[in-house]
Amino acid sequence: MSVLKCIFNYFKKHIFVFIFSLVIIISVTLLSLVPPQLLKIIVDDVIPSKDNSMLLKYAIFYALIFIVIGIIDFLKEVILVVISQGVGKNIRLEMLNKVNRLSYLNFIKFDSGTLEAYFSNDVEEINTLITSGVISMAIDCFKMIGIIVSIFIFSYLFGFITLAIIPLIILFTLWIRKRMYKAQASNRELEGSVNNLVLENLDNIVTIKSFRIYQKIEQKYDNVLKEHFKTNQKANTYDAMFSPIMQMMKSFLIVLVITLSTININIFGMTVGMLVSSIDLITNLFSPIENLGMELQTIQKSMAAIERIDQFFKLSEDDEKNCDLNDCGDDLTLMFDNVTYSYDDKENVIENFNLKLQKNDRLILQGRSGSGKSTLFKL
């Protein structure tokens with residue numbers, strides 16, 4: 001089992017949801033290209049004709065297009081939430097089944113905080129991948145292609161200028177991506193450590209108070225929090241750089257087009273309406289590119305979560321048992337013979353322990369928190 005297989009199984013069972021998602025993507029993409037074309041017609045043809053009734057009709061139609069786009073965007077958000085919750089449920093169920101099948105040696109490697117991070121934090125990141133990642137990224141990619149084609153229809157020169165700037169944006173995005181992924185992967189691992197320390201301290205609060213080891217626990221917790229903060233801050237720094245630089249590139253392209261058109265009105269071979277529409281297209285072009293950067297960040301975080309869950313799915317499981325205890329005789333004995341055990345080779349948790357249990361014997365382990373009951377049970 002893997003995360004991708006869980007997602008595939010969900011869409012396989014809910015084919016209508018998949019088809020509806022495709023319809024939403026196509027509709028949003030096509031409708032987003034209509035307003036700039038209408039704007040060109042209004043500026044070049046309707047306004048010069050001084051036909052107020054025609055202008056009113058186009059204005060109403062222009063407004064209705066944005067209303068329809070808003071309704072489709074609302075439907076898009078609804079379907080994304082439905083898909084993300086369905087996929088998240090499938091992944092959690094498969095993970096729960098995996099926990100039940102894990103070999104004991106693998107199971108005891110996971111503390112409660114780490115397991116909680118898998119089921120909560122990592123799956124939530126995958127939910128975010130669907131609501132704000134893959135499908136939104138597909139819509140923005142199609143929008144970007146449509147806008148570039150529209151710009152070429154207005155002016156080949158303007159189109160080539162736009163294409164020349166896009167590789168710079170892609171290189172900048174890749175530079176951000178490479179550094180952000182490493183920070184986010186480390187951040188995901190540290191989240192599990194933070195969760196584990198919180199749960200561990202709550203479970204052992206009586207022992208902590210009894211031995212008054214507040215400073216030691218505080219120092220341990222403080223170190224993990226500082227590392228978590230550093231990785232999170234590094235990822236946020238790269239994220240904060242992206243949007244302002246994108247805004248600067250957009251402003252530069254708009255100023256360049258207006259300046260060149262002012263110097264020589266025929267340089268692009270565009271009418272006033274085409275120029276106004278082109279500026280609108282540039283604004284619309286950089287909007288999906290900015291979104292792609294944010295969506296890329298979401299995908300980066302989610303890929304780290306997917307990798308962690310996929311590694312969890314690959315853990316070895318219990319072998320099939322071919323012998324029932326009831327069929328193995330009455331001479332079974334569990335014996336501890338002068339057993340000593342330590343986690344750090346310094347302080348013994350269990351020391352010189354002896355115990356002999358026969359089949360059907362019953363044993364109660366009783367003692368304060370931290371006295372070694374769980375350790376003895378694991379042994």
Side-chain angles (χ1 to χ4, degrees), residues 95-122 186 188-228 308 311-379:
M95 290 174 66
L96 188 60
N97 291 332
K98 180 67 178 182
V99 170
N100 292 331
R101 298 192 305 267
L102 277 179
S103 66
Y104 187 71
L105 289 177
N106 274 322
F107 181 73
I108 62 175
K109 293 176 183 177
F110 291 99
D111 49 61
S112 54
T114 301
L115 275 177
E116 192 273 338
Y118 277 113
F119 278 85
S120 180
N121 299 345
D122 289 332
S186 301
R188 293 245 62 84
E189 294 178 3
L190 287 168
E191 278 186 7
S193 300
V194 172
N195 291 338
N196 178 52
L197 278 176
V198 172
L199 294 173
E200 185 181 277
N201 290 341
L202 289 174
D203 289 340
N204 298 303
I205 190 66
V206 175
T207 304
I208 294 170
K209 286 180 174 293
S210 299
F211 289 96
R212 299 186 179 276
I213 50 175
Y214 307 116
Q215 188 172 359
K216 181 179 179 181
I217 296 298
E218 182 181 354
Q219 183 64 39
K220 184 178 178 182
Y221 191 53
D222 191 51
N223 290 338
V224 174
L225 283 179
K226 283 180 179 178
E227 288 300 316
H228 183 265
R308 277 167 52 84
Q311 289 174 355
F312 177 78
F313 278 133
K314 292 176 182 178
L315 292 172
S316 62
E317 301 177 1
D318 268 333
D319 297 328
E320 291 292 332
K321 303 299 186 295
N322 54 15
C323 178
D324 193 326
L325 283 176
N326 293 326
D327 299 328
C328 293
D330 296 325
D331 57 346
L332 293 176
T333 301
L334 173 64
M335 181 179 293
F336 286 81
D337 185 9
N338 202 32
V339 173
T340 298
Y341 185 80
S342 170
Y343 285 105
D344 55 8
D345 295 327
K346 294 179 181 179
E347 184 176 350
N348 293 331
V349 180
I350 296 174
E351 191 168 11
N352 301 326
F353 181 77
N354 295 279
L355 175 69
K356 184 176 181 180
L357 288 175
Q358 303 291 342
K359 184 178 179 182
N360 293 326
D361 283 351
R362 297 187 179 186
L363 174 71
I364 295 175
L365 297 179
Q366 186 175 8
R368 62 175 176 77
S369 179
S371 62
K373 300 186 300 297
S374 298
T375 301
L376 180 60
F377 181 74
K378 289 178 181 180
L379 291 178

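A 4.5 Å side-chain heavy-atom check between Tyr341 and Asn348 finds every atom pair outside the cut-off. Within the 4.5 Å cutoff, the side chain of Leu355 has no heavy atoms near those of the Asp337 side chain.
Not a single side chain to side chain donor-acceptor pair (under 3.5 Å) links Ser374 to another residue, sequence neighbours left out.
With no hydrogens or angles considered, no side-chain donor-acceptor pair links Thr340 and Glu351 at under 3.5 Å. Judged purely by distance below 3.5 Å, without hydrogens or angles, the side chains of Glu227 and Asn223 never pair a donor atom with an acceptor atom.
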Please walk me through it: do Leu376 and Phe336 pass side-chain contact (heavy atoms from CB on, under 4.5 Å)? CA-CA 10 Å; Leu376 180 60; Phe336 286 81; 3.9 Å; yes
What's the verdict on side-chain contact (heavy atoms from CB on, under 4.5 Å) for Phe353 and Asn338, showing C-alpha distance, side-chain angles and the deciding distance? CA-CA 5 Å; Phe353 181 77; Asn338 202 32; over 6 Å; no
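Put simply, CD1 on Ile364 and CZ on Arg362 are 9.5 Å apart, with the number rounded to the nearest 0.5 Å.
Residues Phe313 and Met95 approach most closely at CZ-CG, 3.7 Å, considering heavy atoms. When all heavy atoms of Ser342 and Glu347 are compared, the closest pair comes out as OG-O, 3.0 Å.
Using modelled atom types, no side-chain atom of Lys359 and backbone atom of Thr333 make a donor-acceptor pair closer than 3.5 Å. The backbone N or O of Gln358 lies less than 3.5 Å from a partner atom in the side chain of Asp361, making a donor-acceptor pair.
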